[in-house]
**Student:** 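Sharing a structure with you now.
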Amino acid sequence: MSTEREREILAGFVAGRKEDVDVVVGWVRDVVRHSAWGHEDSVEDLVSDTVIKLLRLLGSGEFRGESSLKTYVSRVARYTAVDFARHERRSRLLLTEENVPTANVPTPEDLYAQKEAHRLFDRLLELVDPRCKRLWEMIFARHLTYAEIAAQEGVSATAIKVRVYRCKEEAVAIGKRMRSRIPGGISTDHRSGGRVP
Amino acid sequence: VTDREPDDISQLLPFYVAGTLAAAERAAVEKALAESPALADEVAFWRGAAAATRARGTYEARGHLPADLLVALAEEPKTIERQQLRFLERHLEICSECRGDYDRVRASLAMPGFAPQAKGALPGPKLRTWLAALVTHRPAVTALAAWVLVAVALVWGPQAPEPLVLRLDHASQVRSGAATEPVTLRLQGSVDLLVIHAEVPHSSLAGTSYELTLMDARSRPVHVGRVESVQPRSADVDELKFRVNVGTVAPAGGRLRAVVAEILPAGSRLSAETYEYEFELVRP
């Protein structure tokens, strides 16, 4: 495939042109449907997650043409598949009664919804911009105040608050590319009964 | 504070959920929440994000290799610099989960149209296979060779330098909020071996083990190792001993984060804890 053709596909994919999206999705599907991953039931989720990552990476000029576009896309699909496998393992480990708070949960259905939301937020963490993930770690894991984060990052406190807010907007936008609703406007996949937007 | 615009309140919500707002700001958020049910949806979002981030932190504190690095190792090991390659190989030997992921990446490369460039890239297994065969089929020769090597090393070998000892106690724990400045350790001369004694709350559960992950200033794991020994230090505190070659993992010194992850026996229903410490290595 010529470099010129690759540039066309790249531009078309980022712009959402169907034939180019189909080409890229075909490359992704070739990788993620491999039986080595053990994701036979989640191939479409995995394709969706990879495409969301690719839109961010390719849209921000991350691909510099050092390899062919197909090689680059396949590599992103592979590490997305690894991340997805880790997400599944984490979900099994973390979705225990100890880790999902059951206070004020009146019914088993609500508990299920809560666990499903937890699973989806975990998946969402793989898809947001790594800078957002880092900010969330500082806020929720290291419990830094916005003033402490601002001092660490060398920017104003207002800038930090705005960045965090923009991260939520980005997460909500990513969630809308997934399916069905969970708290805060994020959406989930078909297994929890949602509809394709 | 009370006449904030709704957007200002929205921007405070993540910090409200994290519990890091000042009292006046917290009161303003609570007042706004009482007046605007729509904000509850945003709070629900941040509670979900907070729970997932904390759970993820516990998992990642065990120092699993980033997925993109695993893929690079499988696809193009020759592009990885030697020192990092050694670290990755060593990590794959002790982390069964990363090893499984790595094997799956390798297996996925065996697709039509993809060159299995990584075939035979890791040199370790060949040497191990040869040694295993020697030990199995020539035990007497192996024992004699080992005895000679030990004797030679004892008589003529250079005396190993005394390792430096770093004590990480409650005062240097990051998550407790007690640490404001990291412990500083000045390395002397060419001494590269560091023994870390980390204090953790006493665990009475038999079979509990601990794993140390050292992370550099960019939060990338540079060393993973299992605990060498666990000694009760007091009625409430255990002292864990880890051995680290800082000459390899942090040749330039600098600020490091030590994450000690508790590894519970299989089938335990308890939640494993992690303890974090910060320290700074200063080269002479």
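Residue numbers begin at 1 in each chain, while the letters A, B, ... track the order of the sequences.
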**Student:** Heavy-atom pairs under 4.5 Å with chain B are the metric here; pick the option from A:R75, A:H143, A:E148 that has the most.
**Tutor:** A:R75
**Student:** Suppose the criterion is side-chain hydrogen bond (donor to acceptor under 3.5 Å, both in side chains): which pairs have a residue in residues 9-26 of chain A, not counting sequence neighbours?
**Tutor:** A:R17-A:D20, A:K18-A:D22
**Student:** Counting only heavy atoms closer than 4.5 Å, note whether B:L13 contacts chain A via side chain, backbone, both or neither.
**Tutor:** neither
**Student:** Does A:E44 offer a backbone N or O that forms a donor-acceptor pair with the side chain of A:S48 under 3.5 Å?
**Tutor:** no
**Student:** Looking only at heavy atoms and a cut-off of under 4.5 Å, which of B:A18, B:A22, B:P66 has the most pairs with chain A?
**Tutor:** B:A18
**Student:** Between the main-chain N or O of A:L57 and the side-chain N or O of A:S60, is there a donor-acceptor pair closer than 3.5 Å?
**Tutor:** yes
**Student:** Considering only heavy atoms, which portion of A:I149 lies under 4.5 Å from any heavy atom of chain B: side chain, backbone, both, or neither?
**Tutor:** side chain
**Student:** With a 4.5 angstrom heavy-atom cut-off, could you sort out which part of A:L144 is near chain B: side chain, backbone, both or neither?
**Tutor:** backbone
**Student:** Short question: side chain of B:T53, backbone of B:A49 - any donor-acceptor pair under 3.5 Å?
**Tutor:** yes
**Student:** Of all residues at least two apart in sequence or in a different chain, which pass the side-chain contact (heavy atoms from CB on, under 4.5 Å) check with A:E8?
**Tutor:** A:E4, A:R5
**Student:** Of the options B:V71, B:L70, B:L69, which is the one that meets A:Y79 in a side-chain contact (heavy atoms from CB on, under 4.5 Å)?
**Tutor:** B:V71
**Student:** Given the options A:T80, A:V162, A:T145, A:D83, which has more heavy-atom pairs under 4.5 Å with chain B than any of the others?
**Tutor:** A:T145
**Student:** Determine the option with the most heavy-atom pairs under 4.5 angstrom with chain B, choosing from A:V76, A:V128, A:L125.
**Tutor:** A:L125
